[in-house]
Amino acid sequence: MNNVPDKQPSNQAKNQLFNSLTKSVAGLAILVVLLLGLVLLVVFQPEISKRFNATTSETSPKNPEPLTDFTTELVDGKDVETGLLAGEGLELVKANCTACHSSALILQNRFTREGWHERIVWMQETQGLWELGGNESIILDYLAANYAPEAPKGRRVPLTGIEWYELKD
Ligand code: HEC
């Protein structure tokens with residue numbers, strides 16, 4: 001008989017203990033899951049950012065460098081291998097501009113000298129194109145002369161930098 005009133009509070013205490021235990025276990029589990037997520041995110045961060053920047057790595061080789069072993073054979077004023085027009089700087093363009101992609105990207109485009117320069121800067125900033133140094137102006141001259149907008153059909157590119165002389169009577 002004496003046992004009954006005693007039992008009641010101790011049961012309650014047990015329940016309370018059980019309740020707070022399950023609560024803290026649940027809290028701990030949530031914390032562990034969150035921490036695990038954070039750790040995974042840090043560990044796989046390079047993988048994740050690679051996926052978001054997929055365009056950069058698809059076309060560019062890992063360690064691109066200028067081509068060295070090629071021969072240039074001209075037929076009908078064009079390089080047989082690449083279809084690029086003959087002209088001063090052709091070899092430099094072949095070496096530097098067909099290492100990552102085919103010459104088609106040049107052949108199908110027409111830009112002014114500034115336009116070509118912008119593309120080169122873009123490739124240097126985002127695609128791993130190396131510094132062209134002193135070759136840059138030769139390459140730009142070649143591109144501007146041969147692949148300029150509204151390239152005249154059947155006519156040579158107009159001469160620039162001519163020193164005109166006065167006619168005397
Ligand atoms: C390091 C690698 C690399 C080299 C070297 C390189 N390119 Fe590119 N170029 C790229 C990539 C990557 C693209 C984007 C291709 C694509 O969109 O599929 C590109 C695109 C282009 C385009 C198209 C741009 C547009 O706006 O559509 C042109 C034109 C071009 N390159 C010209 C050149 C010229 C000229 C050179 C030499 C000075 C050169 N490339 C050298 C990587 C390179």
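Atoms within each ligand, like the ligands themselves, are counted from 1 in listed order. On a predicted model such as this, the values are computed, not experimentally measured, just so you know.
Each of the following atoms of ligand 1 lies closer than 4.0 Å to a heavy atom of W130: 5 (C). Atoms of ligand 1 found under 4.0 Å from any heavy atom of P64, numbered from 1 in the order shown, are 1 (C).
Aromatic ring orientation, Y147 versus Y142: tilted (interplanar angle from 30° to 60°).
Within 6.0 Å of atom CZ in F70, more than 12 heavy atoms from other residues, nucleotides or ligands are found, so the atom counts as buried in its surroundings. More than 12 heavy atoms of other residues, nucleotides or ligands sit less than 6.0 Å from atom CG of N19.
Among the backbone and side-chain atoms of C97, none of the N, O or S atoms lies under 2.8 Å from atom 8 (Fe) of ligand 1. Within the 2.8 Å limit, M123 places at least one N, O or S atom next to atom 8 (Fe) of ligand 1.
Of the N or O atoms in R119, one or more lie within a sub-3.5 Å distance of an N or O in ligand 1.
Note that CD of Q12 is 13.0 Å distant from CG of L17, once rounded to the nearest 0.5 Å.
Under 4.0 angstrom from ligand 1, there are no non-hydrogen atoms of V93. Under 4.0 angstrom from ligand 1, the non-hydrogen atoms of N109 all belong to its side chain.
Cluster annotation: W130 and W122 are assigned to the same hydrophobic cluster (Ile/Leu/Val/Met/Phe/Trp/Tyr, side-chain heavy-atom contacts under 4.5 Å, transitive).
Counting heavy atoms only, L105 comes closest to atom 22 (C) of ligand 1 of the residues I106, L129, L105, L140.
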